[in-house]
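Within every chain, numbering begins at 1; the chains are lettered A, B, ... in the order of the sequence lines, protein sequences first and strands thereafter.
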Protein chains: 2
Amino acid sequence: MSASRTARERVRAELIREITDIARRHLATEGATGLSLRAVAREMGMVSSAIYRYFPSRDDLLTALIIDGYNALGEAAEKADAACARDDYTGRWLAVCHAIRGWALAHPHEYALLYGSPVPGYRAPEDTIAPAARDTAVYGRILADANTAGRLVPPAILPEPPAIIAPDAEAIRMLIPGVSDDVITRAVTAWTGLFGMVSFELFGQFVGTIDHRAEFFEHNMTGLARLLGLPA
Amino acid sequence: MSASRTARERVRAELIREITDIARRHLATEGATGLSLRAVAREMGMVSSAIYRYFPSRDDLLTALIIDGYNALGEAAEKADAACARDDYTGRWLAVCHAIRGWALAHPHEYALLYGSPVPGYRAPEDTIAPAARDTAVYGRILADANTAGRLVPPAILPEPPAIIAPDAEAIRMLIPGVSDDVITRAVTAWTGLFGMVSFELFGQFVGTIDHRAEFFEHNMTGLARLLGLPA
DNA sequence: TATCGTCAAGAGCAGTGCTCTCGAATTCTG
DNA sequence: CAGAATTCGAGAGCACTGCTCTTGACGATA
């Protein structure tokens, strides 16, 4: 009986996959607000109301795309990290930076969906949290590895972090075990700096000022690596 | 004759102001995609088509709001800077950081319009470029002042910027006259780091990890000040 | 074979941006 | 000052959106 049941479920899963594929294509060309359930249905040769059998609302379809996006970005980061020598910590950091930037440039609308302004009226459900942490997990592992190898030596140019942020640091330490609060605040600085730079480039803030964006990015990420205390 | 002419123009200008005011209120509550010309017209007791006499399209209304937003943010930065002692360069930088973060937290949807994902199908016209540079002008002045006073001493922990970014640095030097290419790349790092942190906080990336956001922000901006070479 | 759940289709509601036309008011001109 | 020209608000209408509800058909299950 489960055979016939899975038969139904299989065609259902296949349809869901087809919907998300088309939706992702529309998202890539039109952007988030241009994503229309009716247009997706039209392309599938379906009537619009039929889509609602598979996605109860537009937001649910958006959620599926967001989860896919986080996973794709996380996978890109993982692959870039895996291609480096394990003890080349700076190289791993830079590889992840370039992977994230590269993915963002290749999928601007998807990146905007993940790290841009939240879609109004849309509230990210719990399901998106786990995949969202996939790239930061890669990042944390690099820093933790460098730290345990004794290769994370932050330059003493910063004041000590205030004691009040200790609980926050404790939470972040789950991703970067073994490091000091000082390293954790530096890690947040570098991480936000990375995405700040990618977002500025992608959202047009560099138009007219910075042309050699890859080189500028590379240099700045190297600088953040130094601030983190990664070896030169 | 110019009196009667300005009579018409005056009521026209007044109506435009009223439209943008209502639109800004709607934007603040509903967000950019929730901004509806018909809703604005309804609130004005106008019929929807009449709005098009004043704003040829929704994008034009959006452009007006964007320009207003850049000016409001720039003014907040200017005021924060002006309230500091001229030779307290670190204090001025921190004041501008907090002003920008404060404005962003107070006007999240407007901030998203300026620094979030670009509205799909919307192309920023030339008119937005000048107001957009208002806050960066404040920033550049602080660094230039510190530099001419000999109080900008960047710690020697970074490699030299590659020669290929020299033309970009030259363009940016218009905002921060007199500084080296090295300082310019650091300035970009700090500036993108500032907005990266504000965007992360505003767009929900810190939910569940960082709770003491003001303190975390303050500490990280202080760190970026050190990286810039501003005095302790 | 009869039943029951799943599904696509269609109509319909309320809303959107935007265009067009048509009178009325207002401004400019002779 | 009268007539011409311009500007403006109102209304209807087009094509589109997300979403709901009902209807009828198909296929799996007992």
Side-chain angles (χ1 to χ4, degrees), chain A residues 1-20 22-23 26-27 29-66 109 113 119-123 125, chain B residues 1-20 22-23 25-27 29-66 113 119-123 125:
Chain A
M1 49 175 155
S2 82
S4 55
R5 190 185 204 172
T6 44
R8 231 221 265 269
E9 301 246 321
R10 218 162 60 187
V11 62
R12 186 181 173 85
E14 175 60 29
L15 273 178
I16 286 181
R17 215 186 53 79
E18 192 176 342
I19 292 174
T20 54
I22 295 178
H26 285 201
L27 173 67
T29 57
E30 319 284 334
T33 64
L35 176 62
S36 146
L37 283 182
R38 292 180 113 111
V40 173
R42 212 177 299 129
E43 186 164 331
M44 291 191 63
M46 242 177 182
V47 90
S48 73
S49 59
I51 291 275
Y52 288 84
R53 297 261 172 208
Y54 303 94
F55 290 95
S57 79
R58 202 189 94 111
D59 280 4
D60 291 273
L61 179 55
L62 226 46
T63 298
L65 293 178
I66 287 175
H109 286 114
L113 201 57
V119 180
Y122 174 80
R123 226 180 55 82
Chain B
M1 48 174 157
S2 83
S4 56
R5 190 186 205 170
T6 44
R8 232 230 264 266
E9 301 246 322
R10 219 163 57 187
V11 62
R12 185 183 174 84
E14 175 59 29
L15 273 179
I16 286 181
R17 214 186 55 79
E18 192 176 341
I19 291 173
T20 53
I22 295 178
R25 259 200 10 252
H26 284 203
L27 172 68
T29 56
E30 319 284 333
T33 64
L35 175 63
S36 146
L37 283 183
R38 293 179 111 111
V40 173
R42 213 175 299 131
E43 187 164 332
M44 291 191 62
M46 241 178 182
V47 89
S48 74
S49 60
I51 290 276
Y52 288 85
R53 298 264 174 211
Y54 303 93
F55 290 95
S57 77
R58 205 189 90 112
D59 281 4
D60 290 273
L61 178 54
L62 226 45
T63 298
L65 293 178
I66 287 174
L113 200 58
V119 180
Y122 174 80
R123 228 180 52 81

Atom-pair distance ([atom1] on [X]; [atom2] on [N]), nearest Å:
X       : N      : atom1 : atom2 : answer
A:Tyr54 : C:dA9  : OH    : C1'   : 13 Å
A:Arg53 : C:dT6  : CZ    : P     : 9 Å
A:Glu14 : C:dC7  : CD    : P     : 14 Å
A:Leu62 : D:dC19 : CG    : P     : 11 Å
B:Ile51 : C:dT19 : CD1   : C1'   : 16 Å
A:Ile19 : D:dG18 : CD1   : P     : 13 Å
A:Arg12 : C:dT6  : CZ    : C1'   : 9 Å
A:Glu30 : D:dT17 : CD    : C1'   : 14 Å

How would you list, by chain and number, every residue that makes a side chain to side chain contact (heavy atoms under 4.5 Å, CB included) with B:Ala13, sequence neighbours excluded?
none

So which pairs with a foot in residues 45-57 of chain A pass side chain to side chain donor-acceptor pair (under 3.5 Å), sequence neighbours left out?
A:Ser57-A:Asp60

Which residues pass the salt bridge (charged side-chain N to carboxylate O under 4.0 Å, His left out) test with B:Glu43, sequence neighbours left out?
B:Arg25

Side-chain touch B:Val40/B:Leu35, heavy atoms, less than 4.5 angstrom
yes

Does any part of the side chain of B:Thr20, heavy atoms only, come nearer than 4.5 Å to the side chain of B:Phe55, both counted from C-beta?
yes

Going by side chain to side chain donor-acceptor pair (under 3.5 Å), name the residues that satisfy it together with B:Arg17, two or more places apart in sequence or in a different chain.
B:Asp21

Every protein N/O within reach of nucleotides 15-18 of chain C N/O, cut-off under 3.5 Å:
unit_1: C:dT16; atom_1: OP1; unit_2: B:Ser36; atom_2: OG; d: 2.9
unit_1: C:dT16; atom_1: OP2; unit_2: B:Arg42; atom_2: NH2; d: 2.5
unit_1: C:dG17; atom_1: OP1; unit_2: B:Leu37; atom_2: N; d: 2.7
unit_1: C:dG17; atom_1: OP2; unit_2: B:Leu37; atom_2: N; d: 3.3
unit_1: C:dG17; atom_1: OP2; unit_2: B:Arg38; atom_2: N; d: 3.1
unit_1: C:dG17; atom_1: N7; unit_2: B:Arg38; atom_2: NH1; d: 2.3
unit_1: C:dG17; atom_1: O6; unit_2: B:Arg38; atom_2: NH1; d: 3.0
unit_1: C:dC18; atom_1: OP2; unit_2: B:Tyr52; atom_2: OH; d: 3.4
unit_1: C:dC18; atom_1: OP2; unit_2: B:Arg58; atom_2: N; d: 2.7
unit_1: C:dC18; atom_1: N4; unit_2: B:Arg38; atom_2: NH1; d: 3.4

Would you mind classifying the nucleic acid contact of B:Leu15 as base, sugar-phosphate or nothing, using non-hydrogen atoms under 4.0 angstrom?
sugar-phosphate

A:Phe55 near the nucleic acid: base, sugar-phosphate alone, or nothing, with a heavy-atom cut-off under 4.0 Å?
nothing

